[in-house]
Amino acid sequence: MVWVNQDKCAIAGVGATDYYIRGKSYPRTINEMVGEAILKACDDAGINVKQIDGFAYYSGAQMGYGDKVDTASLMEMLGIEEVGFTAALTSGGGGAAGAVGLATAAIQNEDANYVVTVMALQQYRQRLGTVFGASAPSPENSFLQPSGLVGPGHLMSVLARRHMHLYGTRREAFAEVVISQRLNAMNRPQAIRRNELTLDEYFASPMLADPLCRLDFCLETDGAVAWITTSTERARDLKQKPVLIHAAAHGGTRNWGRAFAWMGMPDPDFGSSGHKPIGDRLWQQSGLAPSDIDVALIYDHFSAMVVMQLEDYGFCKKGEGGEYVESGAIRYKGGSTPVNTHGGQLSEAYIIGATHTREAVEQLRGVAINQVKDAEFALVTGGPASLPVSGCILRRDS
Amino acid sequence: MSGIKYGVAQAVPGDHIQITTDTWTEPYWQAAKEERLTACQCGKCGHFRMPPTAFCPGCQSQDVKWPTLPGTATVFSFAICTRSPFPDVPDFVYVPIVVDLDGAPGARLVSNLVGMPAEDVTIGMKVAVEWNDIQDGWKLPIFHKA
Ligand SMILES: [Zn+2]
């Protein structure tokens, strides 16, 4: 069944701060960075910030995992007079790609006309990499934290090992994700890691949570990214070529549930990204198949989870993700579906998934640094994490 | 798998481990205090659930049983960690494991494997429980090779 809201709404503008190595954005404040990203997104779209009348966040409106924005504070700071919609997808970065669906709901329900989605991250007090270990555990988390699985990388290494065990996935596959994305970052001035990376250097990288080494972990960075969603009709009268929201889904099943915060997932969900139900819905909503996707922006907090998402979205069969990436299929140059042409969170910057939407917009406007020729459809995914997980398909306007 | 020799897997130092409990998890930890490994079982349909919660996800009953389990388990997956999770403890090698508990089908525990070279741990290995004294008089189940 074709999605009732297919192509009815569009991303009209996108804006971002500079990307900083962890902590280097200090003494800027989180609200200041959020404000800058929103103002730049408005400028990009060609609207006045006072026209914003809706907010559709993800991650429960948390900015990273220590800060939180409040719509009322943003209205006061930016001079936004009235809002008709302010809501967030729950949990964390899993909803990164689903927020455009929430924005679409606001617009299609006629609650708001110009809806902003924003994410910011600043890590000068608490590192995200150790966020799970910082406090006395809740009763629920008392069944996890005492094991010393204190960071997301620890948790996901357990999933990666199960995948390797079941399917024979090799570290060379994780290396290919890292190396291919590094190649994409090398010509990008804003990318944090730009030096060329060899397979030998990958294997020399210290193991932080075997089977994952330091280079399998995403960057720790600061910055903010925002985008404006409006109706396609309105977007066509604005400054930029609209990027249509062709399909969007968030959610997931109980078998994935709290995922690596639970570890109770049966096979094959355990060695997966939890995204299969989202992929199934997107293909159903759009009538498209993975082969129709011109560029895929796949949430890459950890290299291994890119491999599992490619399987769950059907770019290859379950268990064949390792072979698939090792074949060169995800390369910008020569790949069948280029993945993370911006260098992703592994090499460019990590703003909880928001950089992926920014790149998708640039690709579908035809102005990306590593432009995929004639790109019409982009897949964007949210982080494999506690539900919801999410994905969307964005489309070039004809 | 990586070919690295890590050496013997250590327990996470118990004096750095805290837990908290609630109405539904407390019986599990009280049993652990007596070195009795249990898991939350539905009193109505027999379904196991871990961590313990207020309702059986199968039949929504709130009746619970706390059967004494054999204390053995099978390694489902694991990681090898080399950095100390605590700023005041030097780096050490530890192996967080996810195990399927014998006698409690469907119930998993996230724990640690100790007392053997980390690089020799395998998925499918049989393990047996031992107990790590942690803060406030609680005990934490950890495992060694059976
Ligand atoms: Zn029951």
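Throughout, protein chains are lettered first and strands after them, A, B, ... in sequence-line order, and every chain is numbered starting at 1. Quick caveat: nothing in here was measured; it's all calculated off a predicted structure.
- The two residues A:Pro146 and B:Asn112 come nearest to each other via the heavy atoms O-OD1, 3.8 Å.
- How far CG of A:Leu149 is from CD1 of B:Ile97: 10.5 Å, rounded to the nearest 0.5 Å.
- Using a 4.5 Å cut-off between heavy atoms, B:Ser111 touches chain A through its backbone atoms (N, CA, C, O) alone.
- Of residues 59-75 of chain B, not one residue has a non-hydrogen atom less than 4.5 Å from any non-hydrogen atom of chain A.
- For A:Tyr26, the OH atom is loosely surrounded, since the number of other residues' heavy atoms within 6.0 Å does not exceed 12.
- Contacts with chain A were tallied for B:Gly14, B:Ala107, B:Pro96, B:Gly106; B:Pro96 has the most, counting heavy-atom pairs under 4.5 Å.
- Shortest non-hydrogen contact noted between B:Arg83 and A:Pro206 is NH2-CB, 3.8 Å.
- Put simply, of B:Ala118, B:Cys81, B:Ser77, the one with the most heavy-atom pairs under 4.5 Å next to chain A is B:Ser77.
- Within the model, atoms CH2 of B:Trp29 and OG of A:Ser142 stand 6.0 Å from one another, a figure rounded to the nearest 0.5 Å.
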Quiz item: Can you check side chain to side chain contact (heavy atoms under 4.5 Å, CB included) on A:Met207 and B:Ile80, steps first, answer last?
Solution: CA-CA 9 Å; A:Met207 278 292 197; B:Ile80 303 172; over 6 Å; no
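- Closest approach of B:Pro57 to A:Arg254, counting heavy atoms only: CB-NH1, 3.6 Å.
- Within the model, atoms CZ of A:Arg161 and CZ of B:Phe76 stand 13.0 Å from one another, a figure rounded to the nearest 0.5 Å.
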Practice problem: Applying side chain to side chain contact (heavy atoms under 4.5 Å, CB included), run through A:Phe143 and B:Thr25 and close with a yes or a no. | Solution: CA-CA 10 Å; A:Phe143 288 86; B:Thr25 66; 3.8 Å; yes
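- Of all heavy-atom pairs between B:Ala79 and A:Val158, the closest is CB-CG2, 3.9 Å.
- The local environment of NZ in A:Lys317 is sparse, with at most 12 non-hydrogen atoms from other residues, nucleotides or ligands closer than 6.0 Å.
- Heavy atoms closer than 4.5 Å to chain A are found in the side chain of B:Tyr28, but not in its backbone.
- There is no contact between B:Trp24 and chain A, counting heavy-atom distances below 4.5 Å.
- Below 4.5 Å, heavy atoms of chain A meet heavy atoms from B:Ile123, all part of residues 122-135 of chain B.
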Practice problem: Show your reasoning for whether side chain to side chain contact (heavy atoms under 4.5 Å, CB included) applies to B:Arg108 and A:Phe270. | Solution: CA-CA 12 Å; B:Arg108 295 219 182 108; A:Phe270 194 97; 3.7 Å; yes
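- Using a 4.5 Å heavy-atom threshold, the side chains of B:Pro51 and A:Arg258 count as touching.
- In this structure, A:Trp262 contributes its side chain and B:Met50 its backbone to a donor-acceptor pair below 3.5 Å.
- Surrounding NZ of B:Lys145 are at most 12 heavy atoms belonging to other residues, nucleotides or ligands under 6.0 Å away.
- Considering only heavy-atom pairs separated by less than 4.5 Å from chain B, the leading option among A:Ala160, A:Ser147, A:Gly271 is A:Ser147.
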